[in-house]
Amino acid sequence: QVQLVESGGGLAQVGGSLRLSCAASERPFSNYAMGWFRQAPGKEREFVASIMFDTGHTLYADSVKGRFTISRDNAKNTVYLQMSSLKPDDTAGYYCAAARGLTLVDAFYDYWGLGTQVTVSS
């Protein structure tokens, strides 16, 4: 069973930055994407960003375009989310997930991490 472990969450100020990491215990699929989702209390889980590991192609939610950057280390089966210009609305639990293809639909992600909390304070 593939395990995904997130790290790097914490407290940041408005306008600040944080970098999240997510390491997979093994390569989830022969070709795969890893993505980030987030969920704030009382809200639906929402897509943040995803990257295809073989091509490097990316998808971003409109709400984070220009502020967040997703990247990957193929050798380490690790995905990163560099978050800048943070806003209070970015406060949420952030979850990484692995899918067979690049998609923003959470139902297509087969493996999920337990999440890491990001809190942005003013």
Side-chain angles (χ1 to χ4, degrees):
Q1 180 77 358
V2 176
Q3 293 185 333
L4 305 180
V5 180
E6 302 97 336
S7 60
L11 180 64
Q13 292 188 331
V14 170
S17 300
L18 281 175
R19 188 191 194 211
L20 305 183
S21 301
C22 174
S25 58
E26 60 187 275
R27 191 180 178 93
F29 308 105
S30 57
N31 293 308
Y32 66 100
M34 288 180 72
W36 291 94
F37 291 78
R38 66 186 182 186
Q39 187 168 21
K43 293 188 176 181
E44 297 277 326
R45 181 167 61 192
E46 64 172 351
F47 171 78
V48 176
S50 187
I51 187 166
M52 195 71 193
F53 264 57
D54 56 349
T55 63
H57 291 161
T58 58
L59 282 176
Y60 289 95
D62 287 344
S63 59
V64 305
K65 277 182 183 176
R67 301 189 300 121
F68 292 9
T69 301
I70 191 169
S71 61
R72 88 289 192 203
D73 184 327
N74 293 58
K76 296 181 179 179
N77 295 324
T78 297
V79 64
Y80 305 96
L81 186 68
Q82 178 67 48
M83 305 185 294
S84 303
S85 302
L86 285 164
K87 305 175 181 179
D89 283 351
D90 295 319
T91 296
Y94 282 71
Y95 300 85
C96 76
R100 295 178 186 273
L102 194 61
T103 178
L104 49 75
V105 178
D106 58 359
F108 290 118
Y109 285 81
D110 294 293
Y111 300 106
W112 291 82
L114 296 179
T116 186
Q117 179 66 31
V118 170
T119 302
V120 182
S121 68
S122 54

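Position 1 is the first residue of the sequence; numbering continues from there.
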Engineer: Is it true that a side-chain atom of Ser25 and a backbone atom of Gln3 form a donor plus acceptor pair closer than 3.5 Å?
Structural biologist: yes
Engineer: Measure from the side-chain N and O atoms of Glu6 to the backbone N and O of Leu114, and report whether any donor-acceptor pair falls under 3.5 Å.
Structural biologist: yes
Engineer: Looking at Thr91 and Val120, would you say the former's side chain and the latter's main chain have a donor-acceptor pair under 3.5 Å?
Structural biologist: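 Yes.
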Engineer: On a heavy-atom basis, which atom in Ala92 and which in Ala40 lie closest, and how many Å separate them?
Structural biologist: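 Taking Ala92 first and Ala40 second, the nearest heavy atoms are CB-N, 3.8 Å.
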Engineer: What heavy-atom pair brings Leu20 and Tyr94 nearest, and what distance separates the two atoms?
Structural biologist: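 That closest heavy-atom pairing would be CD1-CB, 3.6 Å.
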Engineer: Between Asp62 and Lys65, does any NZ, NE, NH1 or NH2 come within less than 4.0 Å of an OD or OE carboxylate oxygen?
Structural biologist: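 Judged by the 4.0 Å cut-off on N to carboxylate O distance, Lys65 and Asp62 do form a salt bridge.
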Engineer: To the nearest 0.5 angstrom, please state how far the CG atom of Asp54 sits from the OG atom of Ser30.
Structural biologist: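 One finds 9.0 Å between CG of Asp54 and OG of Ser30.
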Engineer: State whether the number of non-hydrogen atoms from other residues, nucleotides or ligands found under 6.0 Å of Phe29 atom CZ is greater than 12.
Structural biologist: yes
Engineer: What's the separation between atom CG in Leu86 and atom OG in Ser122, rounded to the nearest 0.5 Å?
Structural biologist: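 It comes to 12.5 Å.
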Engineer: More than 12 foreign heavy atoms under 6.0 Å from CD of Glu44: is that the case here?
Structural biologist: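 Check fails, neighbour count at 12 or below.
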Engineer: What residues, two or more places apart in sequence or in another chain, satisfy side-chain contact (heavy atoms from CB on, under 4.5 Å) together with Gln82?
Structural biologist: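 Gln82 satisfies side-chain contact (heavy atoms from CB on, under 4.5 Å) with Ser17, Arg19, Thr69, Ser84 only.
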Engineer: Distance from Leu59 atom CG to Ile70 atom CD1, nearest 0.5 Å?
Structural biologist: 9.0 Å
Engineer: Quick one: are Arg67 and Asp90 in side-chain contact, heavy atoms under 4.5 Å?
Structural biologist: yes
Engineer: What residues, two or more places apart in sequence or in another chain, satisfy side-chain contact (heavy atoms from CB on, under 4.5 Å) together with Asn74?
Structural biologist: Phe53, Arg72
Engineer: Mind checking the CZ-CD spacing from Arg38 to Gln117? Nearest 0.5 Å is all I need.
Structural biologist: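 Here the rounded value is 11.5 Å.
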Engineer: Measuring from Ile51:CD1 to Leu102:CG, what's the distance to the nearest 0.5 Å?
Structural biologist: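 Spacing of CD1 (Ile51) from CG (Leu102) equals 8.5 Å.
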Engineer: Is there side-chain contact between Met34 and Leu4, with heavy atoms separated by less than 4.5 Å?
Structural biologist: yes
Engineer: Find the distance between OH (Tyr60) and CZ (Phe68) and round it off to the nearest 0.5 Å.
Structural biologist: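 Interatomic distance, Tyr60 OH to Phe68 CZ, rounded to 0.5 Å: 10.5 Å.
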Engineer: Among the clusters formed by ILVMFWY side chains lying less than 4.5 Å apart, do Leu81 and Val118 turn up in the same one?
Structural biologist: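 Result: yes, single cluster for both.
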Engineer: Let me see the working for Phe37 and Trp112 under ring-ring contact (aromatic ring centres under 6.0 Å, His included), right down to the final yes or no.
Structural biologist: CA-CA 10 Å; Phe37 291 78; Trp112 291 82; 5.0 Å; yes
Engineer: Can you find a heavy atom in the side chain of Val5 that is under 4.5 Å from one in the side chain of Cys22?
Structural biologist: no
Engineer: Using ring centroids (six-membered ring only for Trp), state whether Tyr111 and Tyr32 fall under 6.0 Å.
Structural biologist: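 Centroid distance Tyr32-Tyr111: not below 6.0 Å, so no.
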Engineer: Following the transitive rule for hydrophobic clusters with a side-chain heavy-atom cut-off under 4.5 Å over Ile, Leu, Val, Met, Phe, Trp and Tyr, establish whether Trp36 and Leu18 coincide in one cluster.
Structural biologist: yes
Engineer: Determine whether a donor-acceptor pair (N or O, by modelled atom type, separation under 3.5 Å) exists between the side chain of Tyr109 and the backbone of Arg100.
Structural biologist: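 The answer is no, because no donor-acceptor pair under 3.5 Å joins these two groups.
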Engineer: In the structure I gave you, are the side-chain heavy atoms of Leu11 and Ser121 within less than 4.5 Å of one another anywhere?
Structural biologist: yes
Engineer: Would you name the heavy atoms of Tyr95 and Gly115 that are closest together and state the gap between them?
Structural biologist: CD2-CA, 3.4 Å
Engineer: Is the backbone N or O of Glu46 less than 3.5 Å from a side-chain atom of Gln39, with the two atoms forming a donor-acceptor pair by type?
Structural biologist: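 No; zero donor-acceptor contacts below 3.5 Å.
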